[in-house]
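In what follows, a structure is listed as structure tokens, so that the remarks can point back to it.
Here, residue 1 is the first one in the sequence, and each next residue gets the next number. What you are looking at is a predicted structure, and each value in this text was computed from that prediction instead of being measured.
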Amino acid sequence: MKIQESLDQLDEIAEHSKPWLTEPHSWTSSFETKLKSLVEQCTGFIESKLGACSNWTIVHTASNPRRLSLELPSAIASKDHAGMAQVVASDRLHKDPSKTHWVVDLPPYGFTQIPGPAPGIHVTNQSTQTAKTKSSGFFSKLLGQKNAIGQPDGSLANEHMEIQVDPKKGHLRSVHIRDQRGNQLSGMACLVPGPVGSETLRNQADFIGLSRIEVQNHDISDSHAICTTRGVFEHASQDNNSCPWLEQTVRMQRGCKWVQVHFSGGGFDRNSVTPLWRTAWPSQAATLQVWSHGNRSKWLGPLQASIELIEIDDAQHKIYIATGGLSYHLKQGANQLITLLPVDAQGNLSASIVLGIDWQRPWETAIDLFQPAWVIPPAGEPMALNRDEQPVCRSGWLAQCNHWNLRFSFLPTESSPRGQGSYSDGTQTVFPDVLIWMTESAGKSSTAKISLPKTAVSAWKVDFSGQLMDKIPVEGSDLLVP
């Protein structure tokens with residue numbers, strides 16, 4: 001009922017009802033509060049059904065694969081990822097060893113599990129464990145490199161990309177592919193006098209850069225680092241004591257083909273100044289395209305629409321700017337782009353973009369980078385007993401398969417032809433905890449691996465008459481179906 005009421009309210013707004021448009025301040029705050037409460041209720045209910053004993057469960061709700069970075073408390077990090085094919089990196093945070101940073105790969109409509117504290121062991125005891133660290137090689141030490149993302153020269157680098165921030169001006173000086181020459185992208189935050197939409201946006205002489213700059217590099221973990229730039233905008237129309245300020249945070253993580261740039265600030269007067277982000281690339285022959293609602297089209301600028309992604313193609317590499325909802329973009333010259341950074345009524349600024357190179361699934365990646373994942377904490381409840389008096393986890397069931405052509409769904413265990421959810425082969429009777437109906441659409445004969453969020457004691461093939469057939473091999477939480 002509450003969901004339907006919210007949808008009806010959005011339909012009324014979409015019909016351009018006059019009171020909603022002329023007085024947005026009268027309803028936006030209450031509607032956002034209502035929507036946030038509704039989301040918390042829904043996710044709380046789902047989490048209560050899917051929590052998997054002592055493990056963290058990360059669920060992906062889209063039809064494309066996703067690489068996700070997240071921080072978890074009380075999870076057990078290790079440099080040795082043997083047996084954890086979906087884990088790209090895991091490290092303890094340097095300032096808070098009780099928390100861990102993870103980079104994981106999620107399959108379409110799938111999940112991955114991260115080990116939590118063992119039953120009966122307190123979190124603080126787990127946090128004192130130290131993970132194995134990979135030693136640097138001779139040439140890495142000789143050249144001053146290290147395995148961490150933050151480099152000694154102040155740059156950030158992972159396996160795919162390297163970025164450099166100008167320590168004097170605070171600009172994002174270069175973004176280039178690791179171990180290759182040639183800058184692919186640069187950018188800077190700046191200010192122009194005048195309100196949004198004025199012609200001063202086209203006059204390069206009016207751009208005001210940051211001053212009183214402070215640049216700091218910080219290694220959050222061995223696989224996660226940030227570079228923070230703080231400064232103020234000094235201009236003639238404002239006192240030095242009331243200059244607007246800006247903080248720019250560039251974030252890089254291991255295994256990711258992107259860097260996140262977050263802007264926060266305050267003291268802006270929307271009627272007199274406009275903050276911007278300027279992007280520049282070296283090739284003047286590069287073509288620009290935009291993605292909107294999953295469709296790619298040519299640049300029509302100036303643009304003010306639902307633009308999720310901007311693509312810059314210089315024939316050698318494709319550079320991507322995930323806008324994160326920022327809607328106003330203006331092309332300046334052959335190789336520059338201006339993006340408006342919105343300011344609220346109180347003069348505060350908070351916005352983010354993501355810069356990437358050569359994404360395999362550009363639009364899906366741009367959407368996923370701004371969508372929170374379903375992170376389900378350990379249930380923390382004691383084991384329950386099934387009908388065979390065997391302990392089972394109280395959590396609900398999820399399943400994923402490594403074969404795209406295998407489709408399956410869950411059936412009620414009470415749907416057994418024998419009634420009461422029992423299956424028998426004449427010598428034994430089994431009461432299953434979960435019943436999976438599988439169909440194969442195409443493909444060659446092979447063995448499929450079905451992964452579950454908890455360990456299965458045994459598994460059987462059954463027919464529609466309720467007869468037990470072949471026993472299915474079980475390896476931990478995986479079923480091997482021939």
Please check this pair: side chain of [X] against backbone of [Y], looking for a donor-acceptor N/O pair closer than 3.5 Å.
| X | Y | answer |
| --- | --- | --- |
| E308 | H293 | yes |
| R270 | V343 | yes |
| D344 | N348 | yes |
| T112 | Q86 | no |
| R254 | D222 | yes |
| S350 | S264 | no |

**Prompt:** Does the side-chain contact (heavy atoms from CB on, under 4.5 Å) test come out yes or no for W281 and L288, once each step is laid out?
**Reply:** CA-CA 11 Å; W281 53 95; L288 265 69; 3.4 Å; yes
**Prompt:** Does the side chain to side chain donor-acceptor pair (under 3.5 Å) test come out yes or no for T365 and W363, once each step is laid out?
**Reply:** CA-CA 5 Å; T365 301; W363 185 78; over 6 Å; no
Using a 4.5 Å cut-off on heavy atoms from C-beta on, say whether the side chain of [Y] contacts that of [X].
| X | Y | answer |
| --- | --- | --- |
| L70 | V375 | yes |
| L309 | I321 | no |
| L68 | V103 | no |
| P65 | P108 | yes |
| V215 | T228 | no |
| V175 | I357 | yes |
| V259 | V354 | no |
| S90 | T100 | no |

**Item:** Test log, rule side-chain contact (heavy atoms from CB on, under 4.5 Å), inputs L72 and I114
**Value:** CA-CA 9 Å; L72 295 176; I114 294 176; 3.6 Å; yes
Rounded distance (nearest 0.5 Å) linking atom [atom1] of [X] with atom [atom2] of [Y]:
| X | Y | atom1 | atom2 | value |
| --- | --- | --- | --- | --- |
| H317 | S283 | NE2 | OG | 11.5 Å |
| T287 | Q289 | OG1 | CD | 5.5 Å |
| I310 | R296 | CD1 | CZ | 14.0 Å |
| D96 | S221 | CG | OG | 12.0 Å |
| S186 | I163 | OG | CD1 | 12.5 Å |
| L156 | H218 | CG | NE2 | 12.0 Å |

Distance-minimising heavy-atom pair for [X] and [Y]:
| X | Y | value |
| --- | --- | --- |
| H60 | N64 | NE2-O, 2.6 Å |
| Q371 | R66 | O-NH2, 2.7 Å |
| D91 | S223 | OD2-OG, 2.6 Å |
| C243 | F233 | CB-O, 3.4 Å |
| V165 | C227 | CG2-SG, 3.7 Å |
| I353 | L355 | CD1-CD2, 4.0 Å |

Residues forming a salt bridge (charged side-chain N to carboxylate O under 4.0 Å, His left out) with [X], sequence neighbours excluded:
| X | value |
| --- | --- |
| R361 | none |
| R67 | D105 |
| R173 | none |
| E71 | none |

**Asked** Taking it one step at a time, do S352 and H262 satisfy side chain to side chain donor-acceptor pair (under 3.5 Å)?
**Response** CA-CA 4 Å; S352 296; H262 178 73; 2.6 Å; yes
**Message:** Please check if the number of heavy atoms outside E214 that lie under 6.0 Å from its CD is greater than 12.
**Reply:** no
**Message:** For the NZ atom on K34, are there more than 12 heavy atoms of other groups (residues, nucleotides or ligands in this structure) within a distance under 6.0 Å?
**Reply:** yes
**Message:** Does either side chain, that of D478 or that of S451, offer a donor lying less than 3.5 Å from an acceptor on the other one?
**Reply:** yes
**Asked** Which pairs count as ring pair (Phe, Tyr, Trp, His ring centres under 6.0 Å) when at least one residue sits in residues 337-360, sequence neighbours excluded?
**Response** Y320-W359
**Asked** If you look only at pairs with a residue in residues 164-188, which of them pass as a ring pair (Phe, Tyr, Trp, His ring centres under 6.0 Å), with sequence neighbours excluded?
**Response** none
**Request:** Show your reasoning for whether side-chain contact (heavy atoms from CB on, under 4.5 Å) applies to W102 and V88.
**Result:** CA-CA 8 Å; W102 294 79; V88 179; over 6 Å; no
**Request:** Show your reasoning for whether salt bridge (charged side-chain N to carboxylate O under 4.0 Å, His left out) applies to K257 and E159.
**Result:** CA-CA 8 Å; K257 288 186 175 182; E159 307 92 317; over 6 Å; no
**Request:** Decide yes or no on side chain to side chain donor-acceptor pair (under 3.5 Å) for H101 and R92, but give the supporting numbers first.
**Result:** CA-CA 6 Å; H101 173 255; R92 295 196 176 278; over 6 Å; no
**Request:** Please report the C-alpha distance between W277 and T279 in whole Å, then the side-chain angles of each, then the deciding distance to 0.1 Å, and finally whether the side chain to side chain donor-acceptor pair (under 3.5 Å) criterion is met.
**Result:** CA-CA 7 Å; W277 169 259; T279 306; 2.9 Å; yes
**Request:** Could you please spell out the steps behind the side-chain contact (heavy atoms from CB on, under 4.5 Å) verdict for L191 and L276?
**Result:** CA-CA 6 Å; L191 196 71; L276 305 169; over 6 Å; no
